**Student:** 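My questions will all concern the structure given below.
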Amino acid sequence: MSATPQRHRRTRRLTFTALAVTAGAGAMVAAALPAGAASGGGAGKSRTVDVQMLSFNDFHGTLEPPQGSSGNVTERQADGTTKAIPAGGVEYLATSLREARKGHEYSVTATAGDMIGGSPMLSGLFHDEPSIEALNKLGLDVTSVGNHEFDEGKAELRRMAYGGCHPVEGCFEPSKEFTGSEFKFLAANVTDEKTKRPMMNPTFIWKKGDVKIGFIGVTLEGTPDVVTAEGVKGLKFGDEIETINKYAAELNKQGVKSIVALIHEGGLPANGAYNYDCNVPGAGAGISGAIVDIAKNVDAKVDALVTGHTHQAYACNIPDPAGNPRMVTSAASYGRLFTDTTLTYDRQTKDIVRTPVSSPKPVNKVVTRDQPKAADMTELIKRWSELAAPIANRPQGFISADISGRGSEAPEKPLGDLIADAQLEALAPADKGGAQLAIMNPGGIRADLAYKASGAEGDGVVTYGESYTVQPFNNMMNIVDLTGAQLITALQQQVSGTVNGPNPKILQVSKGFTYTLDMTKASADRIVVDSVRLNGAAIDPAKTYRVAMNEFLAGGGDGFTVLKEHKNKLVGAPDLDCFNAYLGKSTAANPIVPPAADRITVIK
């Protein structure tokens with residue numbers, strides 16, 4: 001089969017399985033009209049009709065139920081306590097969406113980016129073709145791109161959309177060419193530096209009968225800060241607010257008055273429970289982060305904001321610039337939740353009726369694992385698992401207990417320490433780079449390592465599939481020269497600057513590297529400079545140190561711009577190879593014990 005991507009014309013279904021996203025309309029029109037009120041809608045039609053919007057975000061190719069604490073959602077109980085509920089897995093997500101859709105004549109599904117990228121091995125090993133296939137089966141209508149859609153570059157993203165076999169690895173299934181997505185990828189604020197045109201469609205208009213809803217999709221303007229330079233080469237990322245307002249005006253000119261923005265940028269609710277009310281004590285009072293400013297400034301023409309990126313759950317009312325109520329939602333990550341929202345469409349004004357009375361509050365619903373599995377998704381997982389099995393089930397090492405990574409909310413994560421130790425051990429030999437310490441970005445840790453067996457491998461056994469899920473990006477390791485002063489600046493950039501000041505990103509560090517993080521102070525002052533030590537000796541600002549890090553960090557990713565100033569770079573092995581080599585030294589009799597996570601002293 002040809003490996004050249006090919007475009008396909010598709011007949012789109014009018015009603016899809018999906019997740020609902022709610023909000024309101026730009027104007028307070030028909031405020032007194034209840035859904036289904038007759039008048040002005042034409043013979044035999046009511047003036048208003050309810051449109052179900054199902055929505056989710058940050059799926060990250062998670063076809064199987066996520067492992068460890070990443071596979072739970074926190075539910076707040078009536079008495080103030082919380083409980084963890086196992087959730088997620090595309091077999092259950094499909095069932096949940098299909099059940100939610102029943103009885104709804106008008107239903108649209110939309111997502112807010114990171115559908116692919118940073119994926120577990122079952123999808124990542126096949127460049128996320130299995131996830132695109134699953135999303136097609138879910139009935140997804142439209143998604144914005146997220147930063148992870150650019151992990152493998154713009155050409156690969158276009159292949160995800162339009163199909164064709166992988167240009168290097170070819171077709172993964174005999175006599176079967178990848179057909180691409182049946183849903184639309186939107187990238188309104190991503191333009192080609194040469195042509196100045198959007199690299200993909202900026203908008204999509206969903207239609208059923210006389211109902212039309214326009215969607216605008218954007219990713220965060222800071223995408224180049226969180227993706228490798230190669231992944232975004234030749235692309236420019238524009239301001240989210242300016243872009244959405246521009247295309248909202250264009251949709252209005254086309255006669256589309258009902259508009260939803262799909263934004264791969266998010267907020268941070270004050271409480272991590274999925275059912276936390278972020279509108280107490282007032283509208284939107286319980287949420288902070290970048291999405292708040294965006295929501296307050298996106299034009300009132302936009303009726304709802306479906307958001308993502310922060311992997312949080314919320315359904316907040318943040319009034320638009322005209323003071324009208326407008327819902328802003330996010331459904332955590334990994335398919336553990338979906339949002340169900342009702343949009344009341346006025347056939348006369350062609351707008352969404354948006355008042356506290358007429359717009360039911362969006363509800364985040366848990367994708368529980370006590371419901372039937374969708375048979376078509378079970379078959380999909382089985383088919384791809386059989387292709388992956390020879391590699392996925394291969395044992396890599398042994399652990400004595402759960403080692404938390406992605407699921408940990410602590411600044412220093414045990415799995416982060418383990419990964420940094422693995423990188424240091426692999427790259428410390430003189431002929432491998434002579435590294436004296438290693439640093440790891442927390443966002444590159446994609447899962448936990450669970451002690452309980454996920455298959456037939458046995459408790460405590462870490463398989464290749466599990467290690468791949470932890471580190472799926474195949475980043476090449478770089479060993480570089482940094483001065484002590486640059487190292488200290490890097491630590492300060494964890495908690496300062498436009499990228500990390502509002503949302504700190506704490507680097508995970510190898511054994512022997514220690515310091516104090518004082519969270520009672522502000523910005524760069526949170527780093528207690530005279531506490532920074534390597535093997536007990538104070539870091540000398542004038543001295544040069546050999547530091548191991550992945551190519552993402554070496555390129556200044558995650559706001560660590562000082563790391564780009566390195567010298568004498570040596571390219572080492574892939575990060576996953578370092579990790580697996582470290583795991584491989586363990587045995588059933590001598591498993592890896594979870595690190596104590598005592599390298600960073602945190603003052604709160």
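All figures in this text were calculated on a predicted structure; none of them were measured in a lab. In this chain, residues are counted from 1 in sequence order.
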**Student:** Please assess M440 against I445 for the test side-chain contact (heavy atoms from CB on, under 4.5 Å), listing each intermediate value before the final yes or no.
**Tutor:** CA-CA 9 Å; M440 172 66 189; I445 308 167; 4.1 Å; yes

**Student:** Could you please spell out the steps behind the side chain to side chain donor-acceptor pair (under 3.5 Å) verdict for E75 and Q77?
**Tutor:** CA-CA 6 Å; E75 182 177 76; Q77 306 298 296; 3.1 Å; yes

**Student:** Looking at every heavy atom in both G124 and S119, which two are closest together, and how far apart are they?
**Tutor:** N-CB, 3.9 Å

**Student:** Using side-chain heavy atoms (C-beta onward) and a distance below 4.5 Å, is V547 in contact with L487?
**Tutor:** yes

**Student:** Can a donor-acceptor pair be found, under 3.5 Å and without considering hydrogens, that links the side chain of D448 to the backbone of D402?
**Tutor:** no

**Student:** Can a side-chain donor-acceptor contact be found between T520 and D518 if the only test is distance below 3.5 angstrom?
**Tutor:** yes

**Student:** Between atom CG of L534 and atom CD1 of I539, what is the distance when rounded to the nearest 0.5 Å?
**Tutor:** 5.0 Å

**Student:** Distance-only, no hydrogens or angles: does the N57 side chain make a donor-acceptor pair with backbone N or O of A331 under 3.5 Å?
**Tutor:** yes

**Student:** Distance from K511 atom NZ to L424 atom CG, nearest 0.5 Å?
**Tutor:** 7.0 Å

**Student:** Do the side-chain N and O atoms of N580 and S467 include a donor-acceptor pair separated by under 3.5 angstrom?
**Tutor:** yes

**Student:** Between Y468 and T463, do the side chains contain an N or O donor and an N or O acceptor separated by less than 3.5 Å?
**Tutor:** no

**Student:** Do you know which two heavy atoms are closest between V218 and A188, and how far apart they sit?
**Tutor:** CG1-CB, 3.9 Å

**Student:** F59 and H148: aromatic ring centres closer than 6.0 Å?
**Tutor:** no

**Student:** Can you see whether E466 engages S454 through a side-chain donor-acceptor pair at a distance of less than 3.5 angstrom?
**Tutor:** yes

**Student:** So, R599 and D421, do they make that salt bridge, N to O below 4.0 Å?
**Tutor:** yes

**Student:** Aromatic contact between F560 and F552, with the criterion being ring centroids under 6.0 Å apart: yes or no?
**Tutor:** no

**Student:** I need the H311 NE2 to H60 NE2 distance, nearest 0.5 Å.
**Tutor:** 3.0 Å

**Student:** Under the side chain to side chain donor-acceptor pair (under 3.5 Å) rule, collect the residues that match up with E156, sequence neighbours excluded.
**Tutor:** R159

**Student:** Within a radius of less than 6.0 Å around NZ of K505, do more than 12 heavy atoms belonging to other residues, nucleotides or ligands occur?
**Tutor:** yes

**Student:** Taking E425 first and then K585, would you say they form a salt bridge - that is, a charged N and a carboxylate O separated by under 4.0 Å?
**Tutor:** yes

**Student:** Just checking, any donor-acceptor pair under 3.5 angstrom between side chains of N147 and H309?
**Tutor:** yes

**Student:** Begin from the C-alpha positions of F150 and F237 and carry the test ring-ring contact (aromatic ring centres under 6.0 Å, His included) through to its verdict.
**Tutor:** CA-CA 12 Å; F150 295 93; F237 293 78; 5.4 Å; yes

**Student:** Which heavy atom of A447 sits nearest a heavy atom of T469, and at what distance?
**Tutor:** CB-CG2, 3.7 Å

**Student:** Compare every heavy atom of P66 with every heavy atom of R369, then report the nearest pair and how far apart it is.
**Tutor:** NH2-O, 3.4 Å

**Student:** Please tell me if the side chains of I263 and I291 come closer than 4.5 Å, counting only heavy atoms from C-beta onward.
**Tutor:** yes

**Student:** Looking at K567, R546, H566, which one forms a side-chain hydrogen bond (donor to acceptor under 3.5 Å, both in side chains) with D481?
**Tutor:** R546

**Student:** For the CG atom of D277 and the CG atom of N271, what is their distance to the nearest 0.5 Å?
**Tutor:** 10.5 Å

**Student:** At their closest point, which heavy atom of N72 faces which heavy atom of R336, and how far apart are they?
**Tutor:** O-NH1, 2.6 Å

**Student:** Between I600 and L507, which heavy-atom pair has the shortest distance, and what is it?
**Tutor:** CD1-O, 3.8 Å

**Student:** With a 3.5 Å distance limit and no angle check, can you tell me whether E551 reaches the backbone of M476 through a side-chain donor-acceptor pair?
**Tutor:** yes

**Student:** Taking CD in E409 as the centre, count heavy atoms belonging to other residues, nucleotides or ligands within less than 6.0 Å. Is the count above 12?
**Tutor:** no

**Student:** Counting only pairs under 3.5 Å, give me each side-chain donor-acceptor contact of residues 426-435, with atom names and distances, residues two or more places apart or in other chains.
**Tutor:**
none

**Student:** Would you mind listing every side chain to side chain donor-acceptor pair (under 3.5 Å) that reaches into residues 526-537, with sequence neighbours excluded?
**Tutor:** none

**Student:** Without swapping roles, check the side chain of E242 against the backbone of D239 for a donor-acceptor pair under 3.5 Å.
**Tutor:** no

**Student:** Do side-chain atoms of N279 reach the backbone of N317 as a donor and acceptor pair under 3.5 angstrom?
**Tutor:** yes

**Student:** Between V328 and I287, is there a side-chain heavy-atom distance shorter than 4.5 Å?
**Tutor:** no

**Student:** Within this structure, what is the CD-CG distance for the pair E265 and L305, rounded to the nearest 0.5 Å?
**Tutor:** 11.5 Å

**Student:** For N550 and N478, test the side chains for any donor-to-acceptor distance below 3.5 angstrom and give the result as yes or no.
**Tutor:** no

**Student:** Is it possible for you to check whether R394 lies under 6.0 Å from the centre of the six-membered ring of Y464, through NZ or CZ, and within 45° of that ring's axis?
**Tutor:** yes

**Student:** Only one of T561, D558, N500 forms a side-chain hydrogen bond (donor to acceptor under 3.5 Å, both in side chains) with Q493, so which one is it?
**Tutor:** T561

**Student:** Within a strict 4.5 Å, meaning less than it, do heavy atoms of the Y276 and N364 side chains meet?
**Tutor:** no

